[in-house]
Amino acid sequence: MSHLNAIAVRISSFKQLTQLHAQIIQHSLHHDNYWVSVLISHCTRLCAPPSYARLIFDSSHQPNLYAFTNMLKFYSHTGAHHHVINLFQNMRLSNVMPDAFVFPILIKSMEKEAVMLHAHLIKLGHQCDRFVRNAIMYMYAKYGPIYFARKLFDEMPERMVADWNSMISGYWRWGNEVEAGSLFNIMPERNVITWTAMVTGYSKARDLVTARRYFDQMPEKNVVSWNAMLSAYSQNGFAEEAMRLLNEMVVDGVQPDETTWVAVISACADRADAKLASSLMNMLNQRSVKLNYFVKTALIDMYAKCGDLAAAKNIFEELGAYRNVVSWNAMISAHTSVGDLSSARELFDRMPSKDVVSWNSMIAGYAQNGQSTMAIELFKKMISSNHTKPDEVTMVSVISACSHLGALELGNWALNIIDENQIKLSISGYNSLIFMYSKCGSMKDAERIFHKMKTQDVISFNTLITGFAAQGDGFAAIDTMRKMKEQGFQPDRITYISVLTACSHAGLLEQGKKVFDSITNPDVDHYACMIDLLGRVGNLDEAKNLITRMPMVPHAGVYGSLLNAARIRKRIDIGEFAASHLFKIEPENSGNYVLLSNMYASMGRWGDVERIRGKMKLLGLKKATGWSYVEFDGKLHKFIVGDKAHERSNDIYKLLMELRKKMRIAGYIADKESVLRDVEEEEKEEMVGTHSEKLALCFALLVSESGAVIRIVKNLRVCWDCHEAMKIISKLEGREIIVRDNNRFHCFNDGSCSCKDYW
DNA sequence: TTAGGGTTAG
């Protein structure tokens with residue numbers, strides 16, 4: 001069969017492999033363990049689909065040690081560790097004795113069972129074999145505890161470069177930069193692998209300057225070292241540097257390989273630039289780059305991020321049997337990023353196996369598209385399925401969902417899960433917790449988390465300040481910015497926006513002016529905040545003047561602030577001025593019409609109200625409807641305007657009637673201007689049933705203990721009539737009611753609200 | 001037949 005052997009040594013593509021396979025079948029040699037082994041080892045090298053490799057393996061009626069070893073190597077190479085372990089069991093059942101070459105493969109696939117295996121190996125007498133001992137050391141370096149690896153390393157009678165390299169990459173994996181560096185410094189000789197490990201280590205530690213220094217100092221470079229540096233740039237978001245390095249590499253005469261292209265494609269993906277993507281595709285075509293499944297998966301992501309879902313889908317279909325969990329995940333996020341959650345969910349439900357990234361992609365997809373309840377539901381499913389453990393990324397999405405819902409109980413539950421699973425939080429993980437507590441109105445908890453952090457970043461400070469701003473605590477916001485500066489952090493544009501907002505909510509005109517004057521280059525958003533502040537304290541003419549003095553074109557937020565201030569102060573002239581601009585800038589936004597109409601309504605100018613409503617109707621604009629949420633018994637109860645779907649709906653409407661009666665008896669007159677008008681007539685109004693806040697409030701009154709504080713979250717602005725109703729109800733029922741709208745808190749107590757500038 | 005580079009999620 002020498003001609004088959006001659007073909008076998010020349011195989012360089014999957015197609016050639018299948019042709020050889022066909023010939024082997026023709027010669028009835030496919031049961032022969034020799035050919036089974038040869039074919040499977042080619043499968044490993046060419047990344048063939050697992051089903052194909054397994055088909056070859058299964059055609060051997062009695063696999064021998066070599067067939068088993070090659071199949072184990074294949075599974076190990078593709079990361080199918082559970083298959084490695086299963087196949088090893090089969091091997092033992094078939095009475096094939098493993099040798100010293102099998103154990104390193106097996107060890108690579110084991111995690112916690114490893115210690116037991118170590119003991120087992122000593123019994124079998126393989127302890128002294130250099131490869132086995134080395135594999136055990138590598139295993140400890142990878143899965144920990146790293147000091148076991150170090151112990152084996154120190155006990156070695158002689159150490160080769162590979163042993164040093166194992167230890168160095170092990171230390172990097174466990175984040176021990178110091179030990180990795182000191183081994184690097186004392187080792188007797190280094191090779192290109194040692195240097196590359198250092199480049200990658202510093203890259204993973206996000207220290208690109210040092211990574212580059214090691215890269216530049218390398219005595220020799222190969223394609224892998226170039227790829228390491230290129231990936232360092234790509235993974236840390238330096239697309240330009242990556243492209244520049246690719247050029248240098250080509251100029252240096254190094255031939256890029258598939259891995260090079262994967263890094264380049266993923267750098268382009270981050271830029272989300274369709275033009276760049278197509279020029280890159282041209283380059284790949286010109287060089288006739290072989291597209292393996294890594295390259296194709298990277299391309300799926302790039303097309304998805306550039307918004308070309310059809311192209312992404314094509315490549316995904318093309319992958320066929322090569323589809324793996326990563327390509328499925330890439331497709332899921334391709335769909336969530338354009339907001340197509342149902343297609344994403346369909347893929348998620350259909351995929352053959354899921355990993356933590358699959359769950360995270362889907363949960364984040366819901367969380368980022370405003371489907372917070374779905375995000376939490378899916379997370380509960382993940383926990384109860386017990387297959388995949390959540391990690392920090394999962395928890396950040398879940399906590400973000402809790403934040404948007406103001407779900408404090410669920411947020412605390414999520415925090416418990418973090419503790420139970422000992423999930424280590426990074427700065428952004430802690431920041432998401434600060435955000436959650438701020439959004440739930442627990443500034444004490446937000447500050448507690450803030451102080452628990454070893455190091456904070458600008459975002460930590462900004463999140464805390466935004467929390468104070470929502471509470472209307474201007475002084476705390478200003479004080480936090482002061483501390484931030486003392487600790488050497490430079491406030492950024494978000495910091496100033498938050499502090500100015502806080503001043504605005506608290507009516508701190510002088511302090512706000514001082515902050516505004518301290519901004520070196522105020523942008524349009526800072527002007528908007530300043531105009532909001534001037535407006536809320538009643539300096540409407542000054543606010544209008546400031547707009548004319550702005551060095552840039554005002555955006556909708558600027559006029560929106562002015563309109564809102566005009567409504568509060570009942571300044572029709574300014575309101576109509578602001579509205580006329582808004583109708584030009586964003587004709588589709590019904591909110592501006594509603595604001596203007598509310599201003600007329602609050603002054604009893606019902607003719608104008610009708611006129612504005614008529615205009616809205618003509619333009620086909622409908623008042624935006626938002627949800628109101630109440631957390632009770634570990635669940636979120638949500639209500640929309642006119643909602644009759646809730647299981648306690650009958651009781652809710654009964655209570656609403658009773659409240660109305662009480663209000664009338666207490667002397668709140670039912671004329672057009674009072675809150676009762678709305679309660680009685682809202683059913684008749686276009687699109688409007690009872691507002692969601694009122695339904696949520698009645699539900700909360702029904703289920704909560706008497707005297708307990710009531711918390712409601714509305715994802716839009718609180719309606720003016722609801723705002724009035726809440727004041728009255730807080731007095732009549734003797735209850736404290738806290739309502740969070742999209743960016744601030746209203747605390748109703750004994751007939752008044754903590755905000756003095758709202759309606 | 002031990003050591004270095006690759007795709008996806010916040």
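Only heavy atoms go into these numbers, but all of them, side chains included; no hydrogens, no water, no symmetry mates.
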Trainee: Report which part of the nucleic acid A:A364 touches: base, sugar-phosphate, or nothing (heavy-atom distance under 4.0 Å, all strands).
Mentor: sugar-phosphate
Trainee: Could you check whether A:R244 pairs with A:E241 (Lys NZ or Arg NE/NH1/NH2 to Asp/Glu carboxylate O, under 4.0 Å)?
Mentor: yes
Trainee: Does this structure show an ion pair linking A:K424 with A:E392, if we count only N-O contacts that are shorter than 4.0 Å?
Mentor: no
Trainee: Which part of the nucleic acid, if any, lies within reach of A:T297 when heavy atoms closer than 4.0 Å are counted: base, sugar-phosphate only, or nothing?
Mentor: base
Trainee: For A:Y437, enumerate each residue passing the ring-ring contact (aromatic ring centres under 6.0 Å, His included) test, keeping only those at least two apart in sequence or located in another chain.
Mentor: none
Trainee: Using a cut-off of 4.0 Å on non-hydrogen atoms, how would the nucleic acid contact of A:K305 be classed: base, sugar-phosphate, or nothing?
Mentor: sugar-phosphate
Trainee: Any base atoms under 4.0 Å from A:K204, or only sugar-phosphate, or nothing? Heavy atoms, all strands.
Mentor: sugar-phosphate
Trainee: Scan A:Q368 against the nucleic acid and name what it touches under 4.0 Å (heavy atoms): base, sugar-phosphate only, or nothing.
Mentor: sugar-phosphate
Trainee: Is A:K313 paired with A:E317 through a side-chain N to carboxylate O contact shorter than 4.0 Å?
Mentor: no
Trainee: When you check the side-chain N and O atoms of A:N462 and A:N431, is any donor under 3.5 Å from an acceptor?
Mentor: no
Trainee: If you look only at pairs with a residue in residues 210-230 of chain A, which of them pass as a salt bridge (charged side-chain N to carboxylate O under 4.0 Å, His left out), with sequence neighbours excluded?
Mentor: A:R212-A:D216, A:R212-A:E248
Trainee: Students often get this wrong, so: under 4.0 angstrom with heavy atoms, is A:D355 touching a base, only sugar-phosphate, or nothing?
Mentor: nothing
Trainee: Determine the contact category for A:V199: base if any of its heavy atoms lies under 4.0 Å from a base atom, sugar-phosphate if only primed atoms, P, OP1 or OP2 are that close, otherwise nothing.
Mentor: nothing
Trainee: Going 5' to 3' along DNA chain B, between which two nucleotides do contacts with chain A fall, using a heavy-atom cut-off of 4.0 Å?
Mentor: B:dT1 to B:dG10
Trainee: Under 4.0 Å between any heavy atoms, over every strand shown, what does A:N324 touch: base, sugar-phosphate, or nothing? Just pick one.
Mentor: nothing
